[in-house]
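Beneath this line is the structure, given in structure tokens, with notes to follow.
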Amino acid sequence: MEAHALKQALQAQAAHLGFDACRFAPAIAPPHAEAFRQWVAEGKAGEMAWLAKNIDRRTDPQLVLPGAKTMVVVAKSYAQPPRVETSEKEGYRIATYAWGEDYHEVLTPRLRALEEILAAQGGSQRSYVDTGPVLERDYAALAGLGWQGKSTMVISRELGAFFFLGTLLTTLEIPPDDPAQDRCGRCTRCIDICPTAAITGPQQLDARRCVSYLTIELKGAIPVELRALIGNRIYGCDDCAAVCPWNRFAKASTEARFAARPFAQGWLLRDFLKLDDAAFRELFRGSPIKRIKRRGFLRNVCVALGNTGGPEDLAALEAAATDAEPLIAEHAAWALGEITRRGCGGATQAWGTQREP
Ligand code: SF4
Ligand code: SF4
């Protein structure tokens, strides 16, 4: 098939599969390769050791797929209609991308379907949803799907900030699209709203301070000095994406599998503490949240309760403070100390003392 015809066939199939965009970049080194190396060298990736482990592959697509010519970049919106707001005291926040089904499960088979078209034309391919050795945001910008905003997220004129990216590297040559223009202008909303000051400047993220890192990627104890800043966020953070003015053009996702499941809103935080391993797995079956396991999730719930809880939460936290998992027990003890310190205590033990996990 001629290259332009192949491009059109891929775009048509991508639309048929439900992708909201499908664009093309040359398989050259990512423009932010050096900045990425520097970022990792400065330790700003925190415990995300896998980023450092395959840094050469991440900065050279030829090491990922020898002979690679083209990076196909697809996007799928997960924007959701606005929900009824709950008060900070009663509610909790889960990042929108995790309200529904795990996006890896939804998008990976569709990327494989695109691969088949290219394989039929004699290409070799590698495709990734988020987990591959590819600086996908760079290629999204190169392909003109959006630009890298000051938040470091890719922002699209059509899709706003709430979309997943998938990448497909192929040895076939497909005409590239034009890169996108940076349209952040003088806006600094994402930097200003960040609760932990993790965005240290335009396109500068210290992941070690980011709530998404702290509540998802970090396996151990959340640094005590950052716990209060996490507020009632129990899995990820939407703030820098939600505040972006380019969302005003975005429509809600058409993907029913990303729609909010019951756990996304309406539970009481203290009821999450009653989940044993089996109940946790059952509640979060097929959700990205299952990744952090019961120990990580209950750790986060304890932090949110420490920030927003009251006397009605003490019994559940006291039980959690004796959990066999030391990480949960320590964060529950911290939460009890915080509630007591705010004067809404009545706890029967001196919970203010920090225990090491
Ligand atoms: S996700 Fe939240 S904590 Fe992380 S950079 Fe954005 S606003 Fe800051
Ligand atoms: S909030 Fe403003 S500065 Fe941040 S990414 Fe969006 S447009 Fe750019």
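Order of listing sets the numbers, starting from 1, for every ligand and every atom in it.
- A donor-acceptor contact shorter than 3.5 Å links the side chain of W246 to the backbone of R183.
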- Message: side chain to side chain donor-acceptor pair (under 3.5 Å), that's the test. Do H331 and R227 meet it? Break it down for me.
- Response: CA-CA 10 Å; H331 285 72; R227 292 181 189 177; 3.2 Å; yes

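- Proximity of P245 to ligand 2, defined as any heavy-atom pair under 4.0 Å, is confined to the side chain (atoms from C-beta onward).
- Screening F297, F272, F263 against Y92 for a ring pair (Phe, Tyr, Trp, His ring centres under 6.0 Å) leaves a single residue, F272.
- Taking 4.0 Å as the cut-off between side-chain N and carboxylate O, D182 and K150 do not count as a salt-bridged pair.
- For ligand 2, the atoms lying closer than 4.0 Å to a non-hydrogen atom of G149 are 5 (S).
- For atom 8 (Fe) of ligand 1, the nearby protein N/O/S atoms, meaning those under 2.8 Å, are C194 SG.
- Interface of C187 with ligand 2, defined as ligand atoms under 4.0 Å from a residue heavy atom, comprises 1 (S), 2 (Fe), 3 (S), 7 (S).
- The local environment of NZ in K290 is crowded, with over 12 non-hydrogen atoms from other residues, nucleotides or ligands closer than 6.0 Å.
- Using a 30° and 60° split on the angle between ring planes, Y235 and Y97 fall in the tilted class, from 30° to 60°.
- Atoms CG and CG, on N232 and L269 in that order, are 7.5 Å from each other to the nearest 0.5 Å.
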Acceptor/donor pairs from residues 106-117 side chains to any protein atom, 3.5 angstrom cut, sequence neighbours excluded:
unit_1 : atom_1 : unit_2 : atom_2 : d
T108   : OG1    : H104   : O      : 2.6
R110   : NE     : V106   : O      : 3.3
R110   : NH1    : L17    : O      : 3.1
R110   : NH1    : E255   : OE1    : 2.9
R110   : NH2    : E255   : OE1    : 2.9
R112   : NH1    : E115   : OE2    : 3.3
R112   : NH1    : S127   : OG     : 2.7
E115   : OE2    : S127   : N      : 3.4
E115   : OE2    : S127   : OG     : 2.5

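- Interface of W246 with ligand 2, defined as ligand atoms under 4.0 Å from a residue heavy atom, comprises 7 (S).
- For ligand 2, the atoms sitting less than 4.0 Å from at least one non-hydrogen atom of I155 are 5 (S), numbered in the order shown with element in parentheses.
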- Item | Criterion ring pair (Phe, Tyr, Trp, His ring centres under 6.0 Å) on Y78 and Y103, from CA distance to verdict | CA-CA 9 Å; Y78 62 89; Y103 58 100; 7.9 Å; no

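- Ligand 2 places these atoms under 4.0 Å from at least one heavy atom of C244: 1 (S), 6 (Fe), 7 (S).
- Looking at atom 8 (Fe) of ligand 2, its nearest protein heavy atom turns out to be C184 SG, 2.3 Å.
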